[in-house]
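Okay, so here's the structure we're looking at.
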There are 4 protein chains.
Amino acid sequence: MNDRSLQRMSPARESLFEAAIGSFAEFGFGGASMRTIAQRAGMALSNLYNYAPSKQDLLVQILKTANYNHLAHTEWAISGAGNHPADQLRAGVRAYVEYVVAHPAEALVAQTELRYLDAEHRRRLVVARDRIDEMLQGIITTGTASGTFITPFPREATRAILTMCGGVAQWYRPDGSLTGDEVANRYAQLALAMVQDAASLPTLETAASSPRRPGTTANKS
Amino acid sequence: MNDRSLQRMSPARESLFEAAIGSFAEFGFGGASMRTIAQRAGMALSNLYNYAPSKQDLLVQILKTANYNHLAHTEWAISGAGNHPADQLRAGVRAYVEYVVAHPAEALVAQTELRYLDAEHRRRLVVARDRIDEMLQGIITTGTASGTFITPFPREATRAILTMCGGVAQWYRPDGSLTGDEVANRYAQLALAMVQDAASLPTLETAASSPRRPGTTANKS
Amino acid sequence: MNDRSLQRMSPARESLFEAAIGSFAEFGFGGASMRTIAQRAGMALSNLYNYAPSKQDLLVQILKTANYNHLAHTEWAISGAGNHPADQLRAGVRAYVEYVVAHPAEALVAQTELRYLDAEHRRRLVVARDRIDEMLQGIITTGTASGTFITPFPREATRAILTMCGGVAQWYRPDGSLTGDEVANRYAQLALAMVQDAASLPTLETAASSPRRPGTTANKS
Amino acid sequence: MNDRSLQRMSPARESLFEAAIGSFAEFGFGGASMRTIAQRAGMALSNLYNYAPSKQDLLVQILKTANYNHLAHTEWAISGAGNHPADQLRAGVRAYVEYVVAHPAEALVAQTELRYLDAEHRRRLVVARDRIDEMLQGIITTGTASGTFITPFPREATRAILTMCGGVAQWYRPDGSLTGDEVANRYAQLALAMVQDAASLPTLETAASSPRRPGTTANKS
DNA sequence: CATGAATGAGAGTTCATTCAT
DNA sequence: GATGAATGAACTCTCATTCAT
């Protein structure tokens with residue numbers, strides 16, 4: 001899937017947004033300066049304003065694209081994952097993390113800098129984010145109802161999963177010890193564990209054969 | 001435990017740091033200005049420099065206090081939780097979240113603004129944060145070794161738990177539908193589920209027959 | 001008489017100069033921007049430079065046309081007013097004001113923005129204005145010499161008359177309570193009064209009874 | 001009378017406003033830059049903003065002071081000129097012009113730059129100017145009613161007088177051929193002539209026989 | 001003639017910080 | 001400790017202008 005599939009971009013526009021994302025990720029919205037961004041994009045400062053009427057608008061454009069691409073990638077994966085909630089959740093989490101590790105700077109900006117927008121822009125931008133939230137919560141709720149998942153707090157579980165997945169943007173490095181795929185897989189497993197997916201649980205016999213907490217009730221008893 | 005136990009503060013100092021935390025939380029380090037902070041603190045701009053030699057230092061002081069108080073609160077709770085990994089993890093997560101909901105702005109700043117410090121300061125400040133990480137990871141590893149927990153990825157589980165707990169700062173509101181205690185408890189359960197704490201697991205058919213560690217979980221047993 | 005008689009204009013050129021005059025009148029030379037003017041003229045910014053090589057030149061062209069048209073209109077009226085100084089002055093003032101009320105924005109710009117030009121351009125542009133001044137002063141001096149007018153300060157009277165007539169541009173509105181003709185007539189009478197035109201004066205005993213030069217004054221007598 | 005009598009000023013403030021008035025007079029509001037003003041005032045650019053929160057506000061402050069001082073000076077002179085309309089008009093015009101020649105730059109700015117303010121500020125600022133207008137018009141109307149003055153257009157006469165007096169700011173130079181006092185006196189005479197003040201009129205043959213208010217006019221009698 | 005993209009200079013304004021009092 | 005005045009650097013943004021098409 002193309003990065004900027006939603007709106008085909010001229011090379012200048014492309015490099016500008018790349019530079020802006022990089023700068024916002026590195027210094028934050030307040031810390032990044034239009035001069036720096038222009039330099040990074042290889043164009044004159046004043047030319048920025050042919051692409052975005054203000055710094056705020058630059059951020060808005062970035063967040064809009066980022067959020068909707070993230071949504072698209074995740075929704076697409078879920079919609080191809082069949083009917084079983086566990087498969088859907090696994091696919092969703094995997095895709096969500098995949099997008100983050102594929103665009104760490106963009107994802108970081110999307111998480112971090114949304115707060116600095118005015119209420120109106122924020123309202124319109126969270127729509128995409130909320131859609132992902134609703135999808136995941138729907139999956140978890142359905143799974144819980146059907147007995148596949150067990151969790152008394154679908155709302156908090158959803159939030160926790162999204163938060164922990166988004167957090168990947170803060171430490172993931174492409175040259176780190178784990179590939180993006182590995183990270184995505186592991187987070188998918190952790191998410192399934194959190195909702196106590198039946199299939200992921202230790203089975204009875206294996207549970208018995210290898211009693212990991214001998215005297216499980218040892219806690220108290 | 002007192003908020004600013006490490007260094008007793010004059011009222012002026014108190015209101016200054018309160019103002020700074022509030023401003024940083026609201027506008028980010030780059031977006032907050034010394035003028036705004038001074039106004040919020042009800043003092044003259046130049047008087048700020050009697051308490052902190054620079055804006056950076058203001059942030060450093062805040063983060064130092066925040067991180068060490070967070071560490072202290074969490075470590076204290078764990079150290080009083082006995083020997084069982086599940087109890088320790090639960091206590092740790094609960095305490096961690098408790099601190100976040102008790103000081104949402106401070107916690108938000110601590111998470112968000114650390115990146116904007118120079119390497120040296122960052123290095124010294126992450127120590128406290130890393131200590132919490134190590135403690136949690138130690139608990140999880142120990143628990144896994146002893147069979148209480150089941151997770152193939154203790155490293156990622158630790159990070160995920162801390163991230164999701166820290167994320168509470170981004171949405172928690174004191175006047176929301178959940179009290180801070182409820183949030184803390186639920187997140188503790190979610191964390192235990194993620195590491196598949198034996199006692200928290202539903203057994204398949206024996207679910208009803210042998211509730212291990214009765215009374216621990218509010219959900220199922 | 002055609003407005004732009006000196007140089008026939010294409011529609012684009014026409015709308016450009018109209019836009020420029022409007023913008024200069026509204027915001028001043030310094031406050032008006034080429035972008036604004038272009039928008040107002042309904043053309044692209046860069047296209048302006050096909051009609052004027054610079055903003056300054058735009059103003060120069062406007063002022064040149066304005067000043068010479070104003071001069072032409074006034075001189076023509078005077079030259080058709082016969083030999084009597086009073087008739088000449090009346091015709092001159094009337095025509096001067098007529099032009100102002102017919103082109104308020106242009107006249108306003110001509111008065112206001114001349115100062116912002118460089119010395120050379122200013123020198124060449126004041127020629128037309130000075131010609132009007134000289135004509136009026138000539139009329140007044142002649143009239144004073146012949147006893148028709150009485151004023152000890154022909155120089156100041158001339159300046160005062162031109163200033164007060166030019167000032168009409170600052171308050172005249174086409175939809176105001178007075179038509180342009182009425183304004184022109186009244187200002188002509190005021191000017192004649194200022195130089196104490198004999199025929200306009202009330203005589204001692206005949207003040208109420210006999211208007212001297214009957215039909216000249218529309219007002220009371 | 002002190003220049004800034006209304007509000008005592010620190011030396012820095014004083015020199016700032018002097019510089020601002022000079023710059024606005026020379027280059028216009030749009031053409032003057034805060035940098036230039038600061039240089040002229042001998043202070044750092046940023047320090048300007050300790051005295052005026054914006055360039056607009058700088059202009060507003062100047063215009064407020066200028067207009068009210070002009071009003072004060074003129075009103076004071078009129079109020080000390082006795083009951084006769086001719087004396088009042090002469091005193092008023094003289095004082096008005098006196099102020100202009102005493103503060104040519106300030107007066108020029110007051111006339112020229114008012115238009116560039118937003119409606120609200122303009123509305124509040126014209127109050128002082130309108131008060132002068134009303135005073136003059138009152139004098140002329142009264143004089144006309146009592147037969148001292150003869151003019152069918154008191155409204156236009158008032159405007160014309162004020163305009164021509166204000167126009168002095170555009171050409172008067174302290175080192176010119178006329179002193180400020182001379183200019184003021186001559187304009188007062190011209191104004192009286194314009195309203196056909198009885199005492200200022202030349203009598204025809206009875207000029208010597210019936211001087212109405214003898215000794216009033218310096219020019220003829 | 002007309003345009004959109006690009007630019008260097010400079011605009012107004014705010015920044016963190018200092019210093020004499 | 002506390003303040004108001006002052007400063008140099010940097011900010012976002014707009015300016016008039018150019019040029020390839």
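Throughout, a chain's letter reflects where its sequence line sits, starting with A, and its residues are numbered from 1.
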Separation of E:dG4 atom C1' from C:Met43 atom CE, nearest Å, is 16 Å

From CD of C:Gln39 across to C1' of E:dT3 the rounded distance in Å is 15 Å

| message | So for atom CZ, which belongs to B:Arg122, do other residues, nucleotides or ligands contribute more than 12 heavy atoms lying within a distance under 6.0 Å? | response | yes

Exercise: do A:Gln111 and A:Arg129 side chains pair donor with acceptor under 3.5 Å:
no

So, with a heavy-atom separation below 4.0 Å from DNA chain F, the residues of residues 110-124 of chain C are none

To the nearest angstrom, the CZ-P distance between D:Arg13 and F:dA6 comes to 11 Å

| task | Report yes if the side chains of B:Ile62 and B:Glu113 come closer than 4.5 Å at any heavy-atom pair, otherwise no. | result | no

TODO: Look at the side chain of A:Asn50 against the base of E:dA5 and say whether a donor-acceptor pair falls under 3.5 Å; ignore hydrogens and angles.
DONE: no

Correct closest heavy-atom pair for D:Ser54 and D:Met34 would be C-CE, 4.3 Å

* **N/O (side chain, B:Asn47) to phosphate O (OP1/OP2, F:dT3) under 4.0 Å** => yes

Parsed dot-bracket for DNA chain F after applying the Watson-Crick and G-U rules with both distances under 3.5 Å and | for other-strand partners is .||||||||||||||||||||

Of B:Ala44 and A:Thr36, the one whose nearest nucleotide on DNA chain F sits closer to the 5' end is B:Ala44

Between A:Leu45 and A:Ala38, the two heavy atoms sitting closest are CA-CB, 3.6 Å

Going 5' to 3' through nucleotides 16-21 of chain F and flagging B where a protein heavy-atom sits under 4.0 Å of the base, S where only the sugar-phosphate is that close, and - otherwise, we get BBBB--

Rounded to whole Å, the CD1-P distance (D:Ile37 to E:dG12) equals 7 Å

**Prompt:** When you check the side-chain N and O atoms of C:His121 and C:Asp118, is any donor under 3.5 Å from an acceptor?
**Reply:** yes

Whole-Å distance, B:Leu59 CG to E:dA16 P, equals 13 Å

Open item on the list: Check A:Arg40 with A:Glu26, please: is the shortest side-chain N to carboxylate O separation under 4.0 Å?
Closed with: yes

On a heavy-atom basis, the closest approach of D:Ala19 and D:Ile37 is CB-O, 3.6 Å

Sorted by position of nearest nucleotide on DNA chain E, 5' first, the leading residue of C:Gly42 and A:Tyr51 is C:Gly42

Margin query: Does atom CD (B:Gln39) have a neighbourhood of more than 12 heavy atoms from anything else shown, all under 6.0 Å?
Written below: no

Rounded to whole Å, the CG-P distance (B:Leu48 to E:dC15) equals 13 Å

Note: A:Met9 and A:Phe17 closest approach over all heavy atoms is CE-CD1, 3.2 Å

In whole angstroms, the gap separating P of F:dA6 from CG of D:Leu16 amounts to 10 Å

Here the gap from B:Phe29 atom CZ to B:Tyr116 atom OH, rounded to the nearest 0.5 Å, amounts to 10.5 Å

